[in-house]
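Please read these numbers as outputs of a predicted model, since none were measured by experiment. Residue numbers run from 1 in the order of the sequence given.
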Amino acid sequence: MQMQKDQPWLFRTYAGHSTAAASNALYRGNLAKGQTGLSVAFDLPTQTGYDSDHILARGEVGKVGVPIAHLGDMRALFADIPLGQMNTSMTINATAPWLLALYVAVAEEQGADIAALQGTVQNDIIKEYLSRGTYICPPAPSLRMITDVAAYTAQALPKWNPMNICSYHLQEAGATPEQELAYALATAIAVLDDLRAKVRAQDFPAMVGRISFFVNAGIRFVTEICKMRAFVEMWDDLCQTRYAITDERHRRFRYGVQVNSLGLTEQQPENNVARILIEMLAVTLSKNARARAVQLPAWNEALGLPRPWDQQWSLRMQQILAYETDLLEYADIFDDNPAITAKVAALKAAALEELAQIDAMGGAVAAIPHMKSRLVEANSDRLGRIESGAQVVVGVNRYREAEPSPLTTGTLSIFTTDPAAEADQITRLQAWRSDRDGVAVNRALLRLREAALSGENIMPPSIAAAKAGVTTGEWGAAIRAAFGEYRAPTGVNPAPSNRTEGLDAIRAAVDLVSTRLGRRLKLLMGKPGLDGHSNGAEQITARARDCGMAIHYDGIRHTPADIVAQALEVSPHVIGLSILSGSHMPLVEDVLTGLRQAGLSTPLIIGGIIPDADAEALLALGVAAIYTPKDFDLNRIMFDIVGLADTKAQAA
């Protein structure tokens with residue numbers, strides 16, 4: 001039966017780069033093309049609470065998002081964009097209280113009704129320990145700041161979503177659909193249990209109703225449809241049974257989505273257009289589990305940063321589905337489908353088993369090491385299926401012969417950030433510091449730290465600090481001083497796994513070269529800079545371990561000097577660096593310089609999203625080998641490592 005046509009979901013494009021002014025121009029252009037909501041991407045220094053001139057920020061400024069160092073940057077970001085009329089999503093976690101404080105301060109300057117502001121801060125720190133790596137503090141104070149934001153919005157921003165529980169990055173880290181369901185809901189339980197003590201009992205149901213989710217949709221789109229229907233049912237059950245929420249409106253599963261970026265391929269990247277469109281169907285076809293907001297990656301994100309034209313193509317996919325098809329004219333087309341019903345039930349049962357295990361460990365925070373190791377294992381299984389051909393990826397492990405793509409010819413097939421943007425940002429940051437009232441800044445920072453230590457809600461002093469001219473790095477330093485820093489588990493067990501099938505030849509080669517070296521062949525894996533996407537580093541390290549190599553991997557967020565110090569300490573035969581943020585050139589240069597100054601000639605290999613021109617430059621600098629997303633055969637990389645170590649052994 002034909003129904004009244006539904007309103008479409010929010011159309012968003014995840015965007016931000018170089019500087020606040022450049023990102024502002026991009027946002028206004030996207031809005032003019034029909035985008036109906038903003039989705040702000042922040043650079044890594046902003047996400048991790050560092051100023052643009054911090055040593056860890058070198059090469060990272062403006063690369064994966066926009067740098068926001070102070071109120072002036074936030075003003076420039078939203079210049080001529082009326083925040084009172086916007087629905088703004090900010091992908092920000094550890095520094096969510098700070099970025100929301102800056103947003104509120106700018107909205108006040110624009111004359112907006114603060115109570116009417118609409119939008120979302122992601123504010124899900126638990127998944128940062130598991131997959132994305134932009135955490136600052138240990139889990140307990142991080143959870144406290146999540147619920148501080150939620151408690152503040154309950155009073156001051158009642159239309160704002162204070163948390164976007166994010167299973168997106170869990171799938172990017174290898175999570176199965178059952179794990180994605182369980183780990184996201186475990187996070188929700190941890191947050192709501194803590195929040196319940198911070199808000200009035202009569203306000204709690206509405207706060208549950210403001211919790212939203214941000215999910216992933218992979219290529220197995222029938223399973224993904226069922227996963228989303230399972231999410232809807234499990235959230236409704238949880239809200240009723242654990243929290244006694246009786247109002248259906250407050251039990252509604254509200255979510256936004258970005259479809260899977262993990263599955264985008266460097267080989268035959270034009271195929272990614274089909275992948276993106278198919279994955280979008282998983283979160284739009286089922287009316288009862290339809291996304292409230294959709295943002296699509298661009299077809300060429302496995303090659304580098306997308307251009308505005310590439311983002312426009314993804315926006316047009318959404319608009320065509322919403323406005324040209326009859327999708328929004330019908331009730332849910334999957335209701336009472338026995339295959340769908342059975343798959344949903346199976347997913348729920350498996351997810352509930354995972355949830356019970358997490359609950360037995362003491363909840364999501366206590367289970368972080370367990371969940372991390374499970375994700376690493378699941379991702380190893382996924383990569384193994386691709387390597388063996390059991391999981392087909394068109395253009396990668398099957399149907400590799402293809403015509404040259406006209407879309408990737410020339411030097412302008414990806415967006416290149418302004419190389420002067422980092423220096424420009426630092427110059428403006430230094431000018432900001434010199435022009436502000438230092439006494440007011442110090443007073444605001446003291447008040448911020450007092451609130452952090454006393455247990456007072458962190459939001460009011462953060463807003464006051466934003467208005468006083470405090471910088472992102474100063475806010476982050478105050479939080480670190482109050483709560484301490486944290487290193488999350490890597491998920492890589494030093495003991496070999498049972499995944500040794502097909503590794504006999506490599507293990508024999510490792511043994512032979514180890515004999516020549518006089519000790520076990522050792523790989524040092526490093527993650528310099530602020531890039532927290534550690535999947536590649538984890539999988540290379542785990543495979544090297546299973547091949548019989550000695551391994552040293554100390555997780556994310558190291559300076560080049562840290563990497564050199566580790567090399568001096570553990571004496572590896574090969575050093576691997578994984579850099580996915582686009583900051584490979586300055587970071588690799590610094591590591592190479594440091595190694596040479598330390599008298600080390602250890603072969604250096606690099607993995608990341610590295611354009612051909614950069615790869616040539618890195619090889620000229622002395623890098624031994626470079627691997628990009630097209631290099632999915634980990635065993636070949638292992639043989640390369642053995643070969644580099646053997647060359648070194650024979651030279652010795």
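Remark: the T471 side chain and the E474 side chain contain an N/O donor-acceptor pair separated by less than 3.5 Å. Side chains of N216 and E180: no donor on one and acceptor on the other come within 3.5 Å. For the residue pair R28 / N24, a side-chain donor-acceptor distance below 3.5 Å is found, with atom types taken as modelled. A donor-acceptor pair shorter than 3.5 Å can be found between the side chains of S261 and Q258. Between the side chains of S89 and Y14, no donor N or O sits under 3.5 Å from an acceptor N or O. W475 and S462 share a side-chain donor-acceptor pair at under 3.5 Å. Judged purely by distance below 3.5 Å, without hydrogens or angles, the side chains of N30 and R12 never pair a donor atom with an acceptor atom. T13 and Q311 form no side-chain donor-acceptor contact under 3.5 Å, judged by distance and modelled atom types alone. At a cut-off of 3.5 Å, with distance as the only test, a side-chain donor of D562 or T559 sits close to an acceptor on the other residue.
Remark: E538 engages K372 in a salt bridge (Lys or Arg N to Asp or Glu O under 4.0 Å) (not counting sequence neighbours). For the ring-ring contact (aromatic ring centres under 6.0 Å, His included) test, no residue two or more places apart in sequence or in another chain qualifies with H169. In terms of the salt bridge (Lys or Arg N to Asp or Glu O under 4.0 Å) criterion, E616 has no residue partners (sequence neighbours excluded). K33 pairs by the side chain to side chain donor-acceptor pair (under 3.5 Å) definition with nothing, not counting sequence neighbours. Partners of Y168 by ring-ring contact (aromatic ring centres under 6.0 Å, His included), not counting sequence neighbours, listed by chain and number: F214. For R428, the salt bridge (Lys or Arg N to Asp or Glu O under 4.0 Å) partners at least two apart in sequence or on another chain are D73, D424. For Y255, the ring-ring contact (aromatic ring centres under 6.0 Å, His included) partners two or more places apart in sequence, or in a different chain, are F253. The side chain to side chain donor-acceptor pair (under 3.5 Å) check on N457 picks up nothing, with sequence neighbours excluded. For E589, there are no salt bridge (Lys or Arg N to Asp or Glu O under 4.0 Å) partners, not counting sequence neighbours.
When N93, V121, I125, L195 are each tested for a side chain to side chain contact (heavy atoms under 4.5 Å, CB included) with I146, only one passes: I125.
Identified under the salt bridge (Lys or Arg N to Asp or Glu O under 4.0 Å) test for residues 457-473, with sequence neighbours left out: E108-K467. Residues in residues 109-122 take part in these salt bridge (Lys or Arg N to Asp or Glu O under 4.0 Å) pairs, two or more places apart or across chains: R75-E109. Within the structure, ring pair (Phe, Tyr, Trp, His ring centres under 6.0 Å) contacts touching residues 35-81 (residues at least two apart or in different chains) are Y50-H54, H70-W432, F78-Y103.
No donor-acceptor pair under 3.5 Å is formed between the side chain of Q47 and the backbone N or O of T134. Not one N or O on the side chain of D43 forms a donor-acceptor pair closer than 3.5 Å with the backbone of G65.
Under the 4.5 Å side-chain criterion, counting only non-hydrogen atoms from C-beta, T36 is not in contact with N87. Side-chain contact check for I276 versus M317: some heavy-atom pair is nearer than 4.5 Å. By the 4.5 Å heavy-atom criterion applied to side chains, I556 and D531 are not counted as neighbours. Using a 4.5 Å cut-off on side-chain heavy atoms (C-beta onward), M163 and T187 make contact. Within the 4.5 Å cutoff, side-chain heavy atoms of L577 are placed close to those of P528.
The shortest heavy-atom contact between A452 and F483 is O-CE2, 3.5 Å.
Summarising the local packing, CG of D612 is surrounded by 12 or fewer heavy atoms from other residues, nucleotides or ligands at distances under 6.0 Å. Under a cut-off of 6.0 angstrom, the local environment of CZ in R210 is crowded, with over 12 non-hydrogen atoms contributed by other residues, nucleotides or ligands.
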Checking W98 against T472 for the side chain to side chain donor-acceptor pair (under 3.5 Å) test, could you report, in this order, the C-alpha distance in whole Å, the side-chain angles of both residues, the deciding distance, and whether it holds?
CA-CA 7 Å; W98 176 240; T472 296; 2.9 Å; yes
Would D590 and T593 satisfy side chain to side chain donor-acceptor pair (under 3.5 Å), going step by step from the backbone distance to the final call?
CA-CA 5 Å; D590 287 354; T593 298; 5.4 Å; no
Could you check R447 against E456 for salt bridge (Lys or Arg N to Asp or Glu O under 4.0 Å), going step by step and ending with a plain yes or no?
CA-CA 11 Å; R447 181 72 191 88; E456 180 186 341; 2.6 Å; yes
Between Q171 and N260, is a side chain to side chain donor-acceptor pair (under 3.5 Å) present by the stated rule, with each step listed?
CA-CA 8 Å; Q171 188 177 132; N260 190 287; 2.9 Å; yes
Let's go through D51 and R433 carefully: what are the C-alpha distance in whole Å and the side-chain angles of both, what is the deciding distance for salt bridge (Lys or Arg N to Asp or Glu O under 4.0 Å) to 0.1 Å, and is it a yes or a no?
CA-CA 11 Å; D51 280 338; R433 290 195 191 112; 3.0 Å; yes
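Cation-pi check for R316 over F11 is not met; the charged atom does not lie both under 6.0 angstrom from the ring centroid and within 45 degrees of its normal.
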